[in-house]
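Proteins get letters first, then strands, A, B, ... in listed order; numbering begins at 1 in each.
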Protein chains: 2
Amino acid sequence: MAGPRRRTVRDLRRNNRATVLRKLYFDGPLSRQELGPLTALSSGSISNVVSELVADGLLEEAGSVDSDGGRPRTLLRVAPHCGHLAGVDIGETRVRVELFDLTLNELACVDAPLPDGHHDAQDVVRIVASGLAQVLGEAKVAPDALIGVGIGVPGIVDASDAGGAVGAVVHGQAIGWDAVPLEAMLRDRGELPPELPLFVDNGAKTLGLAEMWFGAGRGARTAVVTLIGSGVGACVIADGVPYQGSSGSAGEWGHTTLRVGGRRCRCGARGCLEAYVGAEALLERWRESGGHWTSTDEEGALAELLADPGAGELLDETAEFLGAGIADLVNLFNPERIVVGGWAGLLLGPRLLEPVRRAAAAYALRHPYAQTTIELGRLGPDAVTVGAATLPLARFLAEGGAAITSGEPIVSGAS
Amino acid sequence: MAGPRRRTVRDLRRNNRATVLRKLYFDGPLSRQELGPLTALSSGSISNVVSELVADGLLEEAGSVDSDGGRPRTLLRVAPHCGHLAGVDIGETRVRVELFDLTLNELACVDAPLPDGHHDAQDVVRIVASGLAQVLGEAKVAPDALIGVGIGVPGIVDASDAGGAVGAVVHGQAIGWDAVPLEAMLRDRGELPPELPLFVDNGAKTLGLAEMWFGAGRGARTAVVTLIGSGVGACVIADGVPYQGSSGSAGEWGHTTLRVGGRRCRCGARGCLEAYVGAEALLERWRESGGHWTSTDEEGALAELLADPGAGELLDETAEFLGAGIADLVNLFNPERIVVGGWAGLLLGPRLLEPVRRAAAAYALRHPYAQTTIELGRLGPDAVTVGAATLPLARFLAEGGAAITSGEPIVSGAS
DNA sequence: CGCGCCCGGATCACGCTGTGAATTTACCCG
DNA sequence: CGGGTAAATTCACAGCGTGATCCGGGCGCG
């Protein structure tokens with residue numbers, strides 16, 4: 001597979017650039033002085049690295065603060081407009097393209113509805129490409145000012161190079177995609193700069209990333225963001241980076257078995273977590289127990305369920321299943337934090353969180369459970385684009401903002 | 001917690017030493033010539049690094065092979081006696097201390113039985129210390145020729161520094177240990193060289209490591225080694241290193257819930273995997289369904305179960321549970337390989353492997369399942385010591401064989 | 001038997017790195 | 001206007017990997 005790759009003394013500089021850039025990105029404006037201890041670099045190196053970064057336009061000065069009686073320290077920050085990022089959310093019902101500056105402020109956004117059911121991949125690719133062109137135009141950003149594009153898709157993304165096609169391949173049963181070489185198709189249109197970093201990952205994972213960077217997961221080094229919507233998924237963060245597994249399809253928590261031989265799940269197996277706590281399955285169970293609703297969308301229906309005093313038992317049972325599922329995560333991953341997200345998760349949260357915590361405590365081992373907190377997500381489902389944009393951003397920071405041209409094929413899931 | 005640490009140009013050399021050392025360790029004798037492409041180092045660097053390592057006594061020449069018409073290449077290999085490793089297995093019924101050379105050949109071994117039930121930690125520590133002294137004496141190895149000691153314990157090892165005590169703290173319900181600061185106790189005896197690297201980890205995990213290094217897991221970068229004995233555990237390897245979680249207690253697969261509200265498990269929860277496929281639980285279930293045995297030990301009893309033609313249904317059910325449990329691992333971790341080990345796993349393997357594969361295929365998602373192979377372990381339960389010795393060895397290789405003196409507190413779980 | 005060839009390995013000049021002390025710069029205060 | 005102070009830069013130094021060059025051992029050809 002991948003040959004061993006470690007190189008020269010130049011990489012030191014790249015790493016130090018990355019360290020400085022990251023520190024400055026996350027921990028606000030800092031002076032060169034403070035940067036030293038924080039990055040374990042000597043004052044000399046800080047000076048060199050910073051002036052290089054300033055020359056490259058990645059850093060800018062941001063005022064200064066007095067230092068009693070001496071030269072004031074000048075603060076540094078990442079220049080928000082030194083590059084732009086795009087996030088794409090390919091959902092089951094719409095495509096959403098959003099343009100951000102480096103600090104992930106929204107600059108422009110377009111939404112394109114998608115007809116129900118199967119989506120011809122070619123069509124979707126066209127929509128994405130024109131959406132990108134549109135947001136760039138709206139915000140008056142040149143295409144080569146794009147640092148990278150992240151795309152969240154509904155389905156499993158295979159980052160392994162199997163199949164011959166270069167780049168990410170998407171298997172999305174929900175929208176009828178089977179081994180769609182999304183990255184190659186997008187590139188082949190020739191509208192994007194040929195070397196533009198392109199990242200494709202599961203939409204649930206990108207949502208999880210957003211939650212980790214800017215939501216309830218902030219600060220945790222190892223965490224699991226659970227996403228409960230119509231179906232159920234999860235995004236596992238180990239040591240600050242998404243855990244990918246051998247082919248990028250790790251974290252399929254929804255199809256974890258909670259009852260051997262139990263309810264039939266839409267994946268074909270029996271007793272999956274999703275078959276009990278996914279919104280679709282939950283409503284189905286409500287109907288079976290005599291519930292009914294008038295809303296035409298799942299979201300409204302679920303709200304009606306929550307308002308029904310007769311659904312208490314159903315909800316308690318759901319909490320037990322969800323708690324047991326979370327306990328599995330606690331036992332297997334031993335995270336510091338578990339975030340319950342997804343539109344259904346956020347809707348159910350206020351009602352279920354406490355019973356879920358109790359169930360998780362009962363089902364999990366004491367020791368790892370004591371290390372974990374279970375919290376509600378803080379970001380809505382629209383954060384998929386933000387999370388997707390996070391992918392090229394992470395790469396950008398990790399490279400120290402270097403011109404990304406060389407070697408290493410750019411593939412989804414690259415950390 | 002841990003401040004950011006990255007340093008100087010000297011680390012480059014350390015890394016390259018490590019790369020060369022590792023390559024040579026795993027892929028047998030190689031010439032300097034071959035080493036170049038394999039480590040992505042220039043011939044000059046290879047020359048420098050190798051001569052340094054030879055001067056340090058870590059490498060030695062191992063014959064030469066003709067190169068048609070030119071100067072023959074001299075082969076290099078790691079010097080097996082340039083250092084020694086000790087592995088300790090603290091089991092529920094005995095302590096086992098084994099001494100290895102660098103290639104993990106056994107040099108000496110002592111076994112000390114432990115009385116049943118609770119074990120006073122102080123006693124165990126004494127036994128370990130004297131065991132170490134004994135194997136060193138038997139093999140005529142000086143204590144400072146020890147590269148490090150690895151210890152496998154039955155219980156959860158907390159590597160986080162909570163509690164004030166420096167070093168690994170062990171929570172072992174099975175032997176009545178609660179927050180035993182094993183590392184500190186061992187060091188406080190003062191018999192070991194004060195800077196000797198000491199690693200403590202769960203015995204199941206060290207067994208898993210052994211399987212990864214020398215058994216059925218060889219070559220896989222991400223894998224899960226499942227360990228079925230009286231109880232059930234697992235060792236998760238992500239990208240070649242053990243996945244630890246936030247406090248080192250990840251991989252508690254045995255207490256994953258397979259049936260919400262199901263059988264009571266000895267951990268207190270209901271429906272754990274262990275409550276169905278652990279040997280203890282399996283025998284219990286056999287008894288409930290009318291089985292009986294004459295052996296006094298679980299191993300013999302399990303053999304009798306396997307020989308009983310009337311137990312077919314029970315075994316099929318067990319296979320379904322085990323398959324579902326493995327499917328959970330496949331869905332969550334997306335490994336390239338799953339190894340079924342542990343004494344009970346190995347005993348049940350020939351009978352159960354096929355039905356387990358079928359069940360796993362049914363319960364897991366198609367895509368990740370297609371990426372995985374499910375295999376039997378190849379190492380017996382005695383490999384705990386080998387796996388434990390693997391811990392300091394990994395550190396030794398990662399440090400490029402550098403004198404391990406400085407900085408970084410030496411703690412279990414350090415990768 | 002001797003010569004030339006060929007290839008593995010060592011050497012060396014070069015450009016690059018981070019370090020840390022000395023130096024310069026910028027601002028406040030009296 | 002000059003002294004004091006602390007931030008930021010500069011600079012000599014040691015160390016690294018690179019890759020061209022050099023050395024030397026053994027084979028095959030004449």
Practice prompt. For B/Ile46 and for B/Val9, find the nucleotide of DNA chain C with the closest heavy atom, then tell me which residue's nucleotide is more 5'.
Written response: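 Whichever sits nearer the 5' end wins; that is B/Ile46.
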Atom-pair distance ([atom1] on [X]; [atom2] on [N]), nearest Å:
X	N	atom1	atom2	answer
B/Asn16	D/dC16	CG	C1'	9 Å
B/Glu61	C/dG8	CD	P	15 Å
A/Leu12	D/dA14	CG	P	19 Å
B/Asn48	D/dG15	CG	P	13 Å
B/Leu41	C/dG8	CG	C1'	17 Å

Discussion item. As a test of reading the structure: which of C/dG18, D/dA8, C/dG9 is closest to the side chain of B/Arg73, going by heavy atoms?
Written reply: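 Of C/dG18, D/dA8, C/dG9, C/dG9 is nearest to the side chain of B/Arg73.
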Discussion item. Using the side-chain heavy atoms of A/Gln33, tell me which of these nucleotides is nearest: D/dG17, C/dG8, D/dA7.
Written reply: D/dA7
Discussion item. By the 4.0 Å heavy-atom rule, please label A/Thr74 as base, sugar-phosphate, or nothing.
Written reply: sugar-phosphate
Atom pairs under 3.5 Å, N or O on each side, protein against nucleotides 25-30 of chain C: can you list them with distances?
from: C/dT25; atom 1: O2; to: A/Arg71; atom 2: NH1; distance (Å): 3.0

Discussion item. Once salt bridge (charged side-chain N to carboxylate O under 4.0 Å, His left out) is applied, what residue pairs with a partner in residues 35-57 of chain B remain, sequence neighbours excluded?
Written reply: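 As it turns out, the salt bridge (charged side-chain N to carboxylate O under 4.0 Å, His left out) pairs with a partner in residues 35-57 of chain B, which skip direct neighbours, are B/Arg13-B/Glu52, B/Arg17-B/Glu52, B/Arg17-B/Asp56.
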Fill in: A/Ser43 side chain to A/Arg32 side chain, donor-acceptor N/O pair below 3.5 angstrom
no
Item to complete: Using distance alone, with no hydrogens and no angle criterion, decide if B/Ser246 and A/Arg337 have a side-chain donor and acceptor under 3.5 Å apart.
Response: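 Looking only at side-chain atoms, A/Arg337 and B/Ser246 do not form any donor-acceptor pair under 3.5 Å.
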Practice prompt. Check whether any side-chain N or O of A/Arg10 sits under 4.0 Å from OP1 or OP2 of C/dC16, and answer yes or no.
Written response: no
Discussion item. Looking at B/Arg13, I'd like to know whether one of its side-chain N or O atoms comes within less than 4.0 Å of OP1 or OP2 on D/dG17.
Written reply: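 Answer yes for this pair, as a side-chain N or O of B/Arg13 is under 4.0 Å from OP1 or OP2.
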Worksheet entry | Partners passing salt bridge (Lys or Arg N to Asp or Glu O under 4.0 Å) against B/Arg14 (at least two apart in sequence or in another chain) | B/Asp11
